[in-house]
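Working notes for the structure below.
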Amino acid sequence: MNGRTGNGRAANGRAAAPERRVLRAVRIRLTLQTAGVITVVVLLLGCLTYCLFARYQRAEVNRSLQYALRSNRPGHDDPCTWLYVEQAGRIGRPAQSPAGLPLADAIRQTSLDHRTRTVSAARDGTHYAVRTEQRGNEVFQAVFDERYLRSARHQVLLTLLTAELVGLVLALVTGAGLARRAITPLGRALTRQREFVADASHELRAPLTRLHTRAQLLARQRSGNLAPETAGELERLVTGSRELAEVMDDLLLSASLDAPAAGRSRIDMGALAEAAVEAERQRAAQAQLTLHLTRSDEPIEVYGSASPLRRVLAALLDNAIGHSIPGGSIRVALRTSDEGHAVEVTVTDSGIGFDPADRRRIFERLTHSGEGRGRRYGIGLALVRNVVEAHGGTVSATGRPGEGAEFTVRLPAAGDSGSSRSATLRHGYGRSLRHRTRRPTR
């Protein structure tokens, strides 16, 4: 018991890698979102601060210009302000007037239209705010040196940018901490779920196997001495115990199918398909169905694990048999595509089909099917999707009510360069798969 449980947990630890990748992606996304929100808030506050500071400076410039104009003295004592007065064509200049001032054009225009105008002028590498207005027969022009205000504004901007960068770093650290705290309980829950599935499946598998074996022995020994009704119930007991064991196999596969590819090798899908068809041929005959396999004589190889891929074929055939009507047929075909870079396996049946609107549910776990003799829960086809995705492939389904269905599994072929090439293909298929809509069991 402890050995099986330990092995189950070891397999479960390996299988948890996809969940860890998903959780890591979610954690990164939450970190970026949190950091983005904090950064935007800090940026908005910085912009608001800068705008308020710039507005305050503009108000200060206007007050200085108005004060200079009201003083009416060209020799105003403010070292940043100069006042020029034009009267009868002559302009009075204050002492130490900056080069290039006053603005003669502004004075001339104001004397003509009597309008007050405020402009910004650059002279000798310095920016000046200039206001010109007329009073009676005189035109006054006040000039304010903005170099110190601009320098202060640049310092404020540099300080805000530095604060924004520091805030971004702090936001990333804070976001990472918050995301980790938010995701940790989910990660623990997923780990416990996988541990429970693996442990329960391992513990239940042995008694279920014994139950099935004893039911088979009882059916063989007592079938001739029992009433037909009792014999039928005994046979149904054998079938039910077998199906329950298959459910345990599905659960075990679900807990371990995402293990790393260390144990993968070149697999002949043609041989697997032939074995799967032969294994189901007697069951299909009992259901009055015919099985056909189409494949080339040459090996059709993929790079992966034989047991999960064998389970894929078995689940697809089980689904086809369970949803076909007597007298129907099931066709399995293997071929290569994309100039030999991909392997396609199609399982086509002439059964009850399904509503095309349900294509999005077919591969969802525990999806109920309203018809068919097969297993009524979608764990089989859900595992098909998981195994195929773990091998870097895709699976799709098409069908219509009463017209049968076709399931297509597409896997990267095992190229001449072996595992490295297959791994490259697997990553490529994985990227395309993430952009697919998950299709679904009938």
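- At least one donor-acceptor pair closer than 3.5 Å links the side chain of Asp268 to the backbone N or O of Ile300.
- Under the 3.5 Å distance criterion, the side-chain polar atoms of Arg266 are left unmatched by any main-chain donor or acceptor of Glu301.
- By the 4.5 Å heavy-atom criterion applied to side chains, Leu291 and Glu280 are counted as neighbours.
- Applying the salt bridge (charged side-chain N to carboxylate O under 4.0 Å, His left out) rule to Arg180 yields no partners; only residues at least two apart in sequence or on another chain are considered.
- Applying the salt bridge (charged side-chain N to carboxylate O under 4.0 Å, His left out) test to Arg147 and every residue at least two apart in sequence or in another chain returns Asp145.
- Ile28 meets the side-chain contact (heavy atoms from CB on, under 4.5 Å) test with Arg24, Leu32; sequence neighbours excluded.
- Heavy-atom minimum distance, Val61 versus Ala129: CG1-CB, 3.6 Å.
- In this structure, the side chains of Val26 and Arg29 come closer than 4.5 Å at one or more pairs of heavy atoms.
- For Thr110, the side-chain hydrogen bond (donor to acceptor under 3.5 Å, both in side chains) partners two or more places apart in sequence, or in a different chain, are Arg117.
- Between Ser396 and Phe407, the closest side-chain pair of non-hydrogen atoms is not below 4.5 Å.
- Among residues two or more places apart in sequence or in another chain, the side-chain hydrogen bond (donor to acceptor under 3.5 Å, both in side chains) test is passed with Glu344 by Arg335, Arg410.
- Side-chain atoms of Val332 and His292, non-hydrogen and from C-beta on, never get closer than 4.5 Å to each other.
- Shown here for Ala176 and Thr31, the closest heavy-atom pair between the two residues is CA-OG1, 3.3 Å.
- Checked for salt-bridge contact, Asp349 and Arg331 miss the test: no charged N lies under 4.0 Å from a carboxylate O.
- Every residue meeting the side-chain contact (heavy atoms from CB on, under 4.5 Å) condition with Gln66, not counting sequence neighbours, appears here in chain and number order: Arg70, Arg131.
- The two residues Thr348 and Glu406 have their closest heavy-atom pair at OG1-OE1, 3.0 Å.
- When the side-chain contact (heavy atoms from CB on, under 4.5 Å) test is applied to Arg123, the partners found at least two apart in sequence or on another chain are Leu101, Leu103, Ala121, Tyr128.
- By the side-chain hydrogen bond (donor to acceptor under 3.5 Å, both in side chains) test, Arg150 pairs with no residue at all, sequence neighbours left out.
- Annotation for Ala106 and Gln141: closest pair CB-NE2, 3.7 Å, computed over non-hydrogen atoms.
- The structure places CG of Leu160 at 11.0 Å from CD of Gln155, a figure rounded to the nearest 0.5 Å.
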| Should Asp318 and Arg283 be marked as a side-chain contact (heavy atoms from CB on, under 4.5 Å) after you check the CA-CA gap, both sets of side-chain angles, and the distance that decides it? | CA-CA 10 Å; Asp318 174 77; Arg283 181 185 170 201; 2.9 Å; yes

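- In terms of the side-chain contact (heavy atoms from CB on, under 4.5 Å) criterion, residue partners of Glu403 (sequence neighbours excluded) are, by chain and number, Arg400.
- Looking at residues two or more places apart in sequence or on another chain, you find no salt bridge (charged side-chain N to carboxylate O under 4.0 Å, His left out) involving Arg310.
- Residues Val345 and Thr408 fail the side-chain proximity criterion, which asks for heavy atoms closer than 4.5 Å.
- Remark: Asp124 pairs with no residue by the salt bridge (charged side-chain N to carboxylate O under 4.0 Å, His left out) rule, at least two apart or across chains.
- Between Glu278 atom CD and Leu293 atom CG the span is 8.5 Å, to the nearest 0.5 Å.
- Residues Leu272 and Ile267 form a side-chain contact, since some pair of their non-hydrogen atoms from C-beta on lies under 4.5 Å apart.
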| request: Could you walk me through whether His391 and Val388 pass side-chain contact (heavy atoms from CB on, under 4.5 Å), step by step? | output: CA-CA 5 Å; His391 283 75; Val388 172; 5.9 Å; no

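- Going from atom CG of Leu316 over to atom CD1 of Ile321 covers 11.0 Å, rounded to the nearest 0.5 Å.
- To the nearest 0.5 angstrom, Ser324 atom OG is 8.5 Å from Ile352 atom CD1.
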| said: Using the rule given for side-chain contact (heavy atoms from CB on, under 4.5 Å), can you reason through Val42 versus Ile38, listing the C-alpha separation, both sets of side-chain angles and the distance that settles it, and then say yes or no? | reply: CA-CA 6 Å; Val42 174; Ile38 297 176; 4.3 Å; yes

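- Two residues are said to be in side-chain contact when any heavy atoms from C-beta on lie closer than 4.5 Å; Phe354 and His323 fail this criterion.
- At distances below 3.5 Å, at least one donor-acceptor pair connects side-chain atoms of Asn62 with backbone N or O atoms of Arg58.
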| Test side-chain contact (heavy atoms from CB on, under 4.5 Å) applied to Val387 and Arg311, step by step | CA-CA 9 Å; Val387 171; Arg311 193 66 179 150; 5.7 Å; no

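- The shortest side-chain heavy-atom distance between Val347 and Ile330 falls under the 4.5 Å cut-off.
- Contact between Val395 and Val409 at its shortest, heavy atoms only, is CG2-CG2, 3.9 Å.
- Applying the side-chain hydrogen bond (donor to acceptor under 3.5 Å, both in side chains) test to Glu60 and every residue at least two apart in sequence or in another chain returns Arg63.
- Side-chain atoms of Ser350 do not come within 3.5 Å of backbone N or O of Gly328 as any donor-acceptor pair.
- Between Phe144 atom CZ and Leu149 atom CG the span is 4.5 Å, to the nearest 0.5 Å.
- In terms of heavy atoms, Pro412 sits closest to Gly392 at CD-O, 3.6 Å.
- The CG atom of Leu313 sits 7.5 Å away from the CG atom of Leu334 when rounded to the nearest 0.5 Å.
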